[in-house]
Undergrad: 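Pasting a structure here, questions to come.
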Amino acid sequence: MATKVSLTRRNLLKTGAGVATAFAAPAIFTKGAFGAEVLKVQDMGGAFEKGFRIAFYEGFEKENNVKISVTTNGPDPIPQYKMVVDTKTNLFDVCMMTPEHVFRMKALGGDYMQKLKIKVADPENYVAGSINENFAGVAVFALALGYRTDTFGDKGPKNFQDFWNVEAFKGRRGLWRSPVLTMELALLADGVPMDQLYPLDVDRAFKSLDKIRKSVDVWWTTGAQSTQLIQSGELDLMSIWSTRAQTAIDDGAPVSLAWGQGFYNIDGWTIPVGTPNTELANKFVEYCMNAERQAKYTDVLACGPTNVTSYKYIKAERAKLLPTAPENVKGLRPLNADYWGKNQTALTERFEKWMLS
């Protein structure tokens with residue numbers, strides 16, 4: 001039976017302190033000791049690179065007299081990460097992952113991610129799941145329901161039961177072409193409570209998807225595509241990453257997000273085994289955990305800081321748009337990384353067969 005989860009602020013933070021202390025021994029850094037002039041960082045590109053440059057990269061470069069070289073992750077970073085370590089190819093010293101990616105890397109066997117050697121001063125202030133021995137989360141993003149306000153006005157959909165109600169909420173629809181979270185949304189639409197989703201009732205999820213299938217006009221595959229679809233008005237309502245919807249909103253599109261049902265995930269840093277810049281990489285990761293620094297990216301990147309103390313430094317009007325804002329996070333639950341780490345390959349095969357049937 002699934003464990004009941006209540007995402008109060010206390011529960012949202014409750015695993016941060018216990019996990020962080022497992023590796024909170026301070027790393028020792030000596031000024032001028034780093035031989036490398038370049039730290040290679042791989043993030044998600046786009047607004048992530050722009051926001052992180054403001055929040056992290058520029059300041060770290062100045063304080064440490066180094067240059068940060070940035071490359072962009074592919075949709076699935078696992079194959080490249082494995083190749084980098086297996087072939088001892090130093091493509092990056094620090095790489096952005098999610099907890100689900102970390103789980104999948106560990107499931108491969110072998111030694112791919114270093115144990116972090118950082119000190120976190122206030123682990124009790126971090127979103128649950130943000131920190132473990134191999135992973136330090138810096139940004140929370142969410143999959144939620146986006147819709148056009150010029151289509152629905154102030155009577156827009158509130159949740160995915162509304163999305164599945166094609167008679168009451170008419171309009172062109174879009175869903176992510178992935179079983180991850182799309183199956184959860186299908187179960188929510190079919191009446192499964194949030195705290196009883198896992199393990200997923202896969203057959204019930206596909207039956208629910210059968211009900212909406214003919215009304216889905218676009219199965220989107222990338223974040224950039226989802227922004228374009230809602231921004232242009234090609235779709236009226238869709239599942240969408242909150243960061244991508246906010247990009248359209250910031251550009252003036254009549255778009256809003258409904259936070260009544262959704263899921264959050266965490267982007268964070270890992271260090272691959274074999275990098276020659278281990279000490280500098282750890283220093284960079286620790287630098288990014290600071291609340292005031294995390295707050296700086298939110299004007300450009302609509303993610304929620306993992307360190308919730310950051311909200312002291314974020315303007316109120318901007319804060320209310322972010323996933324970890326108190327009014328928004330009430331309707332969100334964390335993606336079950338363990339479940340998808342074990343089941344993603346098999347369910348992706350079944351999902352694609354369903355798509356093509």
Side-chain angles (χ1 to χ4, degrees), residues 44-46 72-83 96-109 141-146 160-161 163-164 166 171-192 197-230 234-245 261-267 333-357:
M44 297 305 297
T72 302
N73 263 341
D76 183 355
I78 301 297
Q80 186 187 59
Y81 204 109
K82 184 177 185 300
M83 180 275 294
M96 178 150 281
M97 305 276 272
T98 68
E100 177 262 331
H101 294 143
V102 172
F103 185 97
R104 286 169 57 201
M105 287 299 305
K106 289 185 175 182
L108 293 174
F141 60 100
L143 188 80
L145 175 55
F160 284 93
Q161 289 180 327
F163 184 96
W164 255 247
V166 297
R172 288 177 57 82
R173 284 163 160 75
L175 286 172
W176 186 22
R177 185 166 176 160
S178 170
V180 181
L181 295 182
T182 300
M183 296 187 70
E184 283 94 328
L185 300 183
L187 290 170
L188 291 175
D190 203 45
V192 178
L197 282 173
Y198 299 101
L200 299 181
D201 185 336
V202 173
D203 291 338
R204 183 173 177 178
F206 277 108
K207 288 179 181 178
S208 180
L209 286 169
D210 285 337
K211 296 175 184 177
I212 197 70
R213 182 173 184 167
K214 291 182 180 179
S215 299
V216 177
D217 298 280
V218 179
W219 292 89
W220 57 271
T221 57
T222 69
Q225 181 192 16
S226 68
T227 300
Q228 190 275 329
L229 289 168
I230 197 76
E234 183 175 345
L235 293 181
D236 299 296
L237 64 169
M238 65 186 300
S239 65
I240 189 169
W241 300 114
S242 57
T243 52
R244 298 296 184 169
Q261 289 175 330
F263 296 85
Y264 73 81
N265 205 350
I266 304 169
D267 278 319
R333 297 295 183 271
L335 171 73
N336 190 316
D338 288 355
Y339 180 86
W340 283 109
K342 295 173 183 175
N343 295 284
Q344 184 169 349
T345 299
L347 289 180
T348 297
E349 291 177 3
R350 180 170 174 180
F351 184 83
E352 283 302 313
K353 287 180 181 178
W354 177 83
M355 287 289 303
L356 298 172
S357 63

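The analysis underlying the following values was restricted to heavy atoms, covering all of them including side chains, and did not include hydrogens, waters or symmetry mates. Here the structure is a predicted model, which means the values were calculated and not measured.
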Undergrad: Can you run down the salt bridge (Lys or Arg N to Asp or Glu O under 4.0 Å) pairs that involve residues 214-229, sequence neighbours left out, and say none if there aren't any?
TA: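 Found R172-D217.
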
Undergrad: Could you go step by step and tell me if L188 and L197 meet the side chain to side chain contact (heavy atoms under 4.5 Å, CB included) rule?
TA: CA-CA 8 Å; L188 291 175; L197 282 173; 4.1 Å; yes

Undergrad: Does S226 use its side chain to pair, donor to acceptor, with the backbone of G223 at less than 3.5 Å?
TA: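 A pair under 3.5 Å: yes.
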
Undergrad: Which atom pairs, one a donor and one an acceptor, fall under 3.5 Å between side chains of residues 340-349 and the rest of the protein, sequence neighbours left out?
TA:
from, atom 1, to, atom 2, distance (Å)
W340, NE1, E184, OE2, 2.7
N343, ND2, Y339, O, 2.8
T348, OG1, Q344, O, 2.7

Undergrad: Can you tell me how far the CZ atom of F351 sits from the CE atom of M183, to the nearest 0.5 Å?
TA: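 Separation between the atoms: 8.5 Å.
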
Undergrad: Checking D201 against V192 for the side chain to side chain contact (heavy atoms under 4.5 Å, CB included) test, could you report, in this order, the C-alpha distance in whole Å, the side-chain angles of both residues, the deciding distance, and whether it holds?
TA: CA-CA 10 Å; D201 185 336; V192 178; over 6 Å; no

Undergrad: A side-chain contact here means heavy atoms from C-beta on lying under 4.5 Å apart; do H101 and Y81 qualify?
TA: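 H101 vs Y81: side chains apart.
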
Undergrad: Do Q261 and R333 make a side-chain contact, defined as non-hydrogen atoms from C-beta onward lying under 4.5 Å apart?
TA: no

Undergrad: Give, for atom CZ of R350 and atom CG of D203, the distance between the pair rounded to the nearest 0.5 Å.
TA: 5.0 Å

Undergrad: Is there a donor-acceptor pair under 3.5 Å between the side chain of S239 and the backbone N or O of L175?
TA: no

Undergrad: Indicate the atoms forming the closest heavy-atom contact of R213 with M355, along with that distance.
TA: NH2-O, 3.1 Å

Undergrad: Is any NZ, NE, NH1 or NH2 atom of the basic residue among K211 and D190 found under 4.0 Å from an Asp or Glu carboxylate oxygen of the other?
TA: yes

Undergrad: Where do V218 and Q225 land on the side chain to side chain contact (heavy atoms under 4.5 Å, CB included) test, with the steps shown first?
TA: CA-CA 10 Å; V218 179; Q225 181 192 16; 4.1 Å; yes

Undergrad: Please confirm whether the backbone N or O of M96 pairs with a side-chain atom of N73, one donor and one acceptor, at under 3.5 Å?
TA: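 Judged by distance alone, yes, a pair lies under 3.5 Å.
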
Undergrad: Taking the inter-plane angle between the rings of F206 and W354 on a 0 to 90° scale, is it parallel (under 30°), tilted (30 to 60°) or perpendicular (over 60°)?
TA: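 Correct class here is tilted.
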
Undergrad: Working to the nearest 0.5 Å, report the span between CD of Q228 and CZ of R244.
TA: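 It comes to 12.5 Å.
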
Undergrad: Does the W164 side chain pair with the main chain of S208, one donor and one acceptor, at a distance under 3.5 Å?
TA: yes

Undergrad: Rounded to the nearest 0.5 Å, how far apart are CG of L185 and CG of L187?
TA: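 These two atoms lie 9.0 Å from each other.
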
Undergrad: Would you please test T98 and D267 for side chain to side chain contact (heavy atoms under 4.5 Å, CB included) and show each step?
TA: CA-CA 5 Å; T98 68; D267 278 319; 3.5 Å; yes

Undergrad: What about W220 and W176, are their ring centers closer than 6.0 Å?
TA: yes

Undergrad: Going from CG on L209 to OG1 on T182, what distance comes out if it is rounded to the nearest 0.5 angstrom?
TA: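 Result: 7.5 Å between the selected atoms.
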
Undergrad: Hey, is NZ on K207 packed in by over 12 heavy atoms from elsewhere, all under 6.0 Å?
TA: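 Counting other residues, nucleotides and ligands, NZ of K207 stays at 12 neighbours or fewer.
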
Undergrad: When rounded to the nearest 0.5 angstrom, what is the spacing between CG in N265 and CH2 in W241?
TA: 6.5 Å

Undergrad: Kindly write out the residues that satisfy salt bridge (Lys or Arg N to Asp or Glu O under 4.0 Å) with R173, not counting sequence neighbours, or none if the list is empty.
TA: none

